Amino acid sequence: MTRLMTAAAVMNAERIKLTTIRSPLWATGAAAALSLGIAALQAATTYGNERLTVPAAALGVAVFGVPVLMVVAAMTVTGEYRTAMVRTTFMATPDRTLVLVAKAVVAAVFSGVAAATMVVGSVLVARVPLADVWRTAGAIALYSALAAVLGVGVAALLRHTAGAVAVLLLWPLLVEPLLGNLPGRGAQFGPYLPFANAFRFLEVEWLFPGYAWHWGVPGSVGYFTAVVAVVFVAAVVTVHRRDA
């Protein structure tokens, strides 16, 4: 019972940190504005009776909104290392695993809710029927939550904002599309790229061609989840082994 109360108190502390600092809120607002702007632009460039699908309208959220939310999640860790506040956090809660898990849970919930809201907003802006919005909103919310955990894990491993931001933005937006489209090799690398698997689950078309997948759609989200879990476990082990 005491441990549950401690865990609840730590998560509440992380929630307060995340929601009372301006930079995460401003970044989330910028991600929402960008996502809605892309949806509006897509709607404005459709021709005749052509209509956007819900996944197409949510393209901006999946491609740009979620990476920004990953950065927001990472900043909950790197910000404390930058200011040395992490020492106070670990003194107040010596269980470092609990601290990192609390950060991940809070970031995941925040990112999931924010991403789902952006999807609904994008669909409304693009004037797409809401019939299938909940499947896409739920899928992107899950993807965003997992990506937030990944952001926390990468940030705990690197500890520096610039390095974490570079990895979290370049990995899905540059590195994987390049690897997935390499002449002669892209088809071999593609099925093993984490974000390519995530986009397959989302049914959002991005810069990944069709691959000969080795598993079904549930396997793709499972693969992405496994990659996130490996990174996060590595982060927990690293946090325990080195000084704050």
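What you see below is based on every heavy atom in this structure, not just the backbone, and it leaves out hydrogens, waters and symmetry mates. Given the structure is predicted, the values throughout are model-derived calculations rather than measurements.
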Please check if the number of heavy atoms outside Trp215 that lie under 6.0 Å from its CH2 is greater than 12. yes
Might you point out which heavy atoms bring Pro177 and Trp206 nearest each other, and give the distance in Å? CG-NE1, 4.3 Å
Please report the interatomic distance CD(Gln42) to CG(Leu52), rounded to the nearest 0.5 Å. 5.5 Å
Please check if the number of heavy atoms outside Arg135 that lie under 6.0 Å from its CZ is greater than 12. yes
Is any side-chain heavy atom of Leu150 closer than 4.5 Å to one of Phe195? yes
Check whether any side-chain N or O of Asn197 sits under 3.5 Å from a backbone N or O of Pro191 as a donor-acceptor pair, and report yes or no. yes
Any luck finding a side-chain donor-acceptor pair between Thr89 and Lys17 under 3.5 Å? yes
Do side-chain atoms of Ser144 reach the backbone of Ser111 as a donor and acceptor pair under 3.5 angstrom? yes
Does either side chain, that of Arg15 or that of Asn12, offer a donor lying less than 3.5 Å from an acceptor on the other one? yes
Using 0.5 Å steps for rounding, measure from the CD atom of Glu203 to the OG1 atom of Thr136. 7.0 Å
I'd like to know whether the aromatic ring centres of Phe224 and Tyr143 sit less than 6.0 Å apart in this structure. yes
To the nearest 0.5 angstrom, please state how far the CG atom of Leu34 sits from the OG atom of Ser122. 9.5 Å
